[in-house]
Structures are given as structure tokens and as C-alpha cells.
Amino acid sequence: MTDYWNRRFAAEGMIWGSEPSPSAAAARALFGDAGVRSVLVPGAGYGRNTKALSSVFKTYGIELSPSALALAAEWDPDTVFIGGSALEPHLNEPVDAVYCYDVLHLFLAAERQALMDSCLRQLCPRGLLYFTCFSDEDPNAGQGRILEPGTYEYKTGKYAHFFSEADLREHFAETEILDTGSFRETLGGPGGGSHDYLLRYIVARKR
Ligand SMILES: C[S@@+](CC[C@H](N)C(=O)[O-])C[C@H]1O[C@@H](n2cnc3c(N)ncnc32)[C@H](O)[C@@H]1O
């Protein structure tokens with residue numbers, strides 16, 4: 001997985017452009033209303049979404065790809081980027097909130113659980129979580145070889161987990177779920193062209 005993302009960031013740079021996801025603005029408003037001061041962004045990429053948060057909150061990004069980290073240091077110098085796997089905890093102090101955009105669906109079941117555990121361990125009691133992920137209503141869901149229930153190799157060598165609402169809720173079963181929903185995101189990039197994705201989001205509070 002590291003090789004795949006690292007090669008892409010090295011070749012394509014800011015793959016999805018510089019505009020943050022609308023979900024980052026939604027998370028920023030929600031976190032602001034809740035008095036959040038610090039945010040963790042696991043799988044932060046090149047900082048497309050951390051930049052929408054770091055102007056308001058103390059923001060930490062964990063990212064595996066050295067190419068993404070190099071871009072992120074330039075694009076969003078206000079975020080503290082940490083090189084390493086988001087499947088393991090890295091912070092010494094817990095944060096008030098976690099924003100995680102399109103990372104949970106990258107993993108098989110055991111690693112998805114590890115990501116959830118790691119995020120919850122680095123979050124303070126009653127801390128907030130805002131996650132997005134692929135929806136099972138996206139056209140890629142069900143395409144290609146099935147690896148696990150809901151997880152498909154939808155392109156050669158590339159797989160993802162496609163979440164139903166019930167499945168997403170199940171991943172957050174140990175939290176207090178505050179809201180869920182779906183949205184369409186159009187991702188363009190510096191090379192031109194764009195692609196629509198159907199995503200789900202979930203907002204939850206650590207018990
Ligand atoms: C679909 S991209 C999303 C990027 C970012 N969340 C954003 O909003 O632009 C997935 C990102 O997760 C990173 N990633 C994959 N596995 C990871 C892991 N185990 N730990 C940390 N980052 C990881 C990839 O390098 C890539 O930057």
C-alpha cells in the first residue's frame with residue numbers, strides 16, 4: 001500500500017487538487033461549535049484537508065508516504081505531520097477530535113479495527129470523530145474479485161471496502177453515534193479530468 005500511494009504522490013503531486021473536501025468544512029464547523037482545540041488526521045496525504053483545520057485547531061497529521069509528507073510540509077506548514085502508520089498510536093497527548101477522510105475503506109477487516117482502536121486511543125474521553133469512506137452505493141462497489149464481505153479488488157491490484165450504513169455503524173459500535181449520511185464528492189486534479197465518488201460520513205463521540 002505504501003508503494004502504491006508513494007508512487008502516485010511522487011508522479012502526480014497534489015492528486016486531488018488543493019480544495020478541501022466539503023466534509024472538512026463540515027467537520028471544522030462541528031468541532032468549532034464543540035470547543036475542540038486539537039485534531040488528529042490519520043492518513044493525512046499531502047494536507048489537502050488538514051489545511052482547512054490547521055488554521056483553527058492544533059492539527060496533527062499521520063501519513064505513511066514520504067512523497068506525500070514532502071508535499072504536505074510545503075502546503076500546510078501549520079500542521080504537525082508525523083511519518084508512520086495510522087494503525088498505531090503516535091501522539092503523547094490525546095486530541096479533542098479525529099477527522100479521517102477516505103482512509104478507513106483502504107484496509108481489510110483486521111486493519112480497519114486497528115485504525116479504529118488507534119484513533120480511539122489517541123482521543124480524549126467524549127472526544128469527537130468525523131470519518132468518511134466509500135459507500136456501497138458507489139458504482140465501484142461489487143466490481144472485481146471479492147476479498148472479504150464488502151471488500152473488492154475493484155481495479156487490478158487496488159481494493160477497497162464499500163460501506164453500507166449498517167456496516168459503518170458497526171465499525172463505530174463502541175462509540176456514541178451522533179450522525180451519519182451520504183454525499184457525492186467530485187475529485188479533480190492538476191492533470192485535468194474529474195471523478196465522482198459516493199461517500200458516507202459518520203460523526204461520533206467517544207464514550
Ligand atoms: C485516499 S488517500 C486520502 C488522503 C487524505 N486523507 C486526504 O484527505 O487527502 C489515503 C491516504 O492514506 C495514506 N495511508 C495509507 N495507509 C496508511 C497507513 N497505514 N498509515 C498512514 N497513512 C496511510 C496514503 O498514503 C494516502 O495519503
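For ligands, and for the atoms within them, numbers begin at 1 and follow the listed sequence. Starting from 1, each residue takes its place in the sequence as its number. Quick caveat, the model's predicted, so the values are computed rather than measured.
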Review point. Got an N/O contact under 3.5 Å between Trp5 and ligand 1?
Key: no
Revision key, fill the gap. In terms of its nearest heavy atom to atom 23 (C) of ligand 1, the top option of Ile15, Leu64, Val41 is Leu64
Check your understanding: Can Asp179 and Tyr201 be counted as having a side-chain donor-acceptor contact under 3.5 angstrom?
Key -> yes
Check your understanding: Can a non-hydrogen atom of Pro42 be found less than 4.0 Å from any atom of ligand 1?
Key -> no
Exercise for review: State if Tyr46 counts as touching ligand 1 under the rule of any non-hydrogen atom under 4.0 Å.
Suggested key: no
Revision key, fill the gap. For atom 3 (C) of ligand 1, the closest protein heavy atom turns out to be Tyr101 O, 3.7 Å
Exercise for review: Just need the protein heavy atom nearest to atom 10 (C) of ligand 1, so name the residue and atom and give the distance.
Suggested key: Leu106 CD1, 3.6 Å
Review point. Would a line drawn from the ring center of Phe172 to the ring center of Phe131 be shorter than 6.0 Å?
Key: yes
Review point. Do you see a donor-acceptor pair shorter than 3.5 Å between the side chains of Asn6 and Ser65?
Key: yes
**Study point:** Closest approach of any protein heavy atom to atom 20 (N) of ligand 1, naming residue and atom
**Key:** Ala86 N, 2.8 Å
Exercise for review: Could you tell me the residue and atom name of the protein heavy atom closest to atom 8 (O) of ligand 1, and the distance to it rounded to 0.1 Å?
Suggested key: Asn49 ND2, 2.5 Å
Check your understanding: Is the closest N or O pair between Asp102 and ligand 1 shorter than 3.5 Å?
Key -> no
Point to revise | Nearest-neighbour protein heavy atom for atom 27 (O) of ligand 1, which is reported as residue plus atom name and distance | key: Glu63 OE1, 2.8 Å
Practice item. Mark the output for Ala68 as yes if a heavy-atom distance to ligand 1 is under 4.0 Å, and as no if none is. Key: no
Review point. Do His161 and Asp167 come close enough that some side-chain heavy atom pair is under 4.5 Å?
Key: yes
Practice item. Heavy-atom distances under 4.0 Å are what count here, so tell me which part of Ala44 touches ligand 1: side chain, backbone, both or neither. Key: backbone
Point to revise | Aromatic ring proximity, centroids under 6.0 angstrom, His90 and Tyr60 | key: no
Revision key, fill the gap. the protein heavy atom lying closest to atom 16 (N) of ligand 1 turns out to be Phe107 CZ, 3.7 Å
Review point. Quick one: does Ser21's side chain get under 4.5 Å of Thr132's, heavy atoms only?
Key: no
Exercise for review: Answer yes or no: does an N/O atom from Trp16 fall short of 3.5 Å to an N/O atom of ligand 1?
Suggested key: no
Exercise for review: Between Gly61, Gly43, Ser67, flag the one that comes closest to atom 12 (O) of ligand 1 by a heavy atom.
Suggested key: Gly43
Practice item. Flag the pair Phe107 / Leu87 as yes when at least one side-chain heavy-atom distance between them is below 4.5 Å, and no otherwise. Key: yes
Exercise for review: Taking the six-membered ring for Trp and the single ring otherwise, decide whether the centroids of Tyr159 and Tyr154 are under 6.0 Å apart.
Suggested key: no
Practice item. Establish, from distance only, whether the side-chain atoms of Asp136 and Ser164 form a donor-acceptor pair under 3.5 Å. Key: no
Review point. For atom 19 (N) of ligand 1, what's the nearest protein heavy atom and its distance?
Key: Ser85 OG, 3.2 Å
Review point. With a 3.5 Å cut-off and no angle check, do the side chains of Tyr197 and Ser135 form a donor-acceptor pair?
Key: no
